[in-house]
Amino acid sequence: MSLPRLDTNYLVPDVTRDHVAALQPYVDLAHRMLVEKTGPGAEMLGWTDPAALMPPDLRTRIKNAASRLRGKADVMVVIGIGGSYLGARAVIDALPSADSSRVLYAGQTLGASYMADLKRQLKGKRWCINVVSKSGTTTEPAVAFRILKKQLEDEVGREAARELIVATTDPDPAKSALRRVADKEGYETFSVPPDVGGRFSVLSAVGVLPIAFAGADVDALVQGAADCCSACANPNVLKNPAYHYAAVRNLLYRQGKSIELTAVVEPQLYYLVEWWKQLFGESEGKDHSSLFPAGVQYTTDLHSMGQWVQEGRRNLFETFLCSYSLALKVEIPDDPENADGLNFLSHTGIAEVNKKAFEGTALAHCDGGVPNMTICIDDLTEHSLGALLYFYERACAVSGYMLGVNPFNQPGVEAYKKNMFALMNKPGFEAEHAEVAARVANARVDEDIAFG
Ligand code: PA5
């Protein structure tokens, strides 16, 4: 059984084990609020027990649905935004055992060219839709579903399309328009548990169905999360890497480090960073305080952001997320001419070069005043990734409580929606329409500045 580990070598002297140990009483308090369900947002803790969130009968139903859909479709379009797609995408992209080419995404953007491209890509393919929206009313996925449902119905007919659409949403038809449509049309449905928020939902049907469709072992994924959950029963901050990570973030934030940069060294892991950004950003970004979660992918971004990280403003720390597939030997060949001077690497695996690049980067950034730590996972298996997802969720909850916020709400995301609906004169927003439209018009202080 392998669980994430935390390498803290490059935190010293900014953060030592003694500093972290001194936070134990605060960690204990946050831990108790979580397990005794006494903290803010206690009604949203359905994610804390992965085995209960994904019991065997539900897993069987999901696996059956995935295999039924795989029999009828080569490609699944997951329609969802934020927590309704990022977790699935993170796992599917990262897992070598998942076939990421079988899963496409929509509803995460209102970009017209993206949608036009996707529609073109789907033509002539056997495809299905998994529409995921807890509220069932989010504009981006609702618009995408309307467009893609019509395309599917036009291509295969309304009857056949019903068999190719699965909806994952709130179980209560009074709360979710998507549930009402799904029930009326007779789509297969799965529920987003009411006590699980979008960004904590990857280990519910929200993430598990697309991950199963991509061919991954969802039992091992859930087991990994369950094993990490059991390990988190120990709140000792020196023995619990998830809590240690939460405490370190807190200490560095108090030292004026206002940005956490999560860095991965394999492009396939990048959506884990996107998922992490939402998890921590939406959970902690409240009361005009908290860390800004940012992400980079090395070595690629060392050639763009590397200069800033090494010598820019010293208001950040870095968390590497590493898993080395050293077993995957993609060898650098020998070249008798050695014009590039790289023969010292002949017969070396590219992963070994990547590992040295990472080691050199962590040291250089520490020397440059960027304290850093590394979350290590031994391999990219379902078990390891399930454990990693839970590690982050648990760390996020504890970190949010230590920061003094409710990690489980997101009141701020409504502001843009209200303006958008008012500007588009959505029924129910008529009263705000004139005022918001006037404010947008009046925000124009002058002509655009143009070359002249
Ligand atoms: O974490 C959250 O709650 C949000 O990011 C949601 O996941 C996102 O806004 C999508 O919401 P819904 O699933 O209701 O369409």
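Every number for a ligand or one of its atoms is a count from 1 in the order of the listing. Below, all heavy atoms of this structure are taken into account, side chains as well, without hydrogens, waters or symmetry copies. We're numbering straight along the sequence, starting at 1.
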Determine whether the side chains of Arg254 and Asn250 contain a donor N or O and an acceptor N or O closer than 3.5 Å.
yes

Residue that, paired with Val77, satisfies side-chain contact (heavy atoms from CB on, under 4.5 Å) out of Asn130, Val131, Leu118
Leu118

Could I get the full list of side-chain hydrogen bond (donor to acceptor under 3.5 Å, both in side chains) partners for Asp217, not counting sequence neighbours?
none

Six-ring centre of Tyr245, Arg249 cation under 6.0 angstrom, axis tolerance 45°:
yes

Please determine if Arg394 forms a cation-pi arrangement with Tyr243, meaning its NZ or CZ atom is less than 6.0 Å from the six-membered ring centre and no more than 45° off the ring axis.
no

Would you call Asp14 and Lys257 a salt bridge, taking side-chain N to carboxylate O under 4.0 Å as the test?
no

Expected rows: ligand 1 N/O, protein N/O, dist below 3.5 Å:
{"residue": "ligand 1", "atom": "1 (O)", "partner": "Arg199", "partner atom": "N", "Å": "3.0"}
{"residue": "ligand 1", "atom": "1 (O)", "partner": "Arg199", "partner atom": "NH1", "Å": "3.4"}
{"residue": "ligand 1", "atom": "1 (O)", "partner": "Gln278", "partner atom": "NE2", "Å": "3.1"}
{"residue": "ligand 1", "atom": "1 (O)", "partner": "Glu282", "partner atom": "OE1", "Å": "2.7"}
{"residue": "ligand 1", "atom": "5 (O)", "partner": "Gln278", "partner atom": "NE2", "Å": "2.4"}
{"residue": "ligand 1", "atom": "5 (O)", "partner": "Glu282", "partner atom": "OE1", "Å": "3.1"}
{"residue": "ligand 1", "atom": "5 (O)", "partner": "Glu282", "partner atom": "OE2", "Å": "3.4"}
{"residue": "ligand 1", "atom": "7 (O)", "partner": "Gly83", "partner atom": "N", "Å": "3.0"}
{"residue": "ligand 1", "atom": "13 (O)", "partner": "Ser84", "partner atom": "OG", "Å": "2.6"}
{"residue": "ligand 1", "atom": "13 (O)", "partner": "Lys134", "partner atom": "N", "Å": "2.7"}
{"residue": "ligand 1", "atom": "14 (O)", "partner": "Lys134", "partner atom": "N", "Å": "3.4"}
{"residue": "ligand 1", "atom": "14 (O)", "partner": "Ser135", "partner atom": "N", "Å": "2.8"}
{"residue": "ligand 1", "atom": "14 (O)", "partner": "Ser135", "partner atom": "OG", "Å": "2.7"}
{"residue": "ligand 1", "atom": "14 (O)", "partner": "Thr138", "partner atom": "OG1", "Å": "3.3"}
{"residue": "ligand 1", "atom": "15 (O)", "partner": "Ser133", "partner atom": "OG", "Å": "2.6"}
{"residue": "ligand 1", "atom": "15 (O)", "partner": "Thr138", "partner atom": "OG1", "Å": "2.5"}

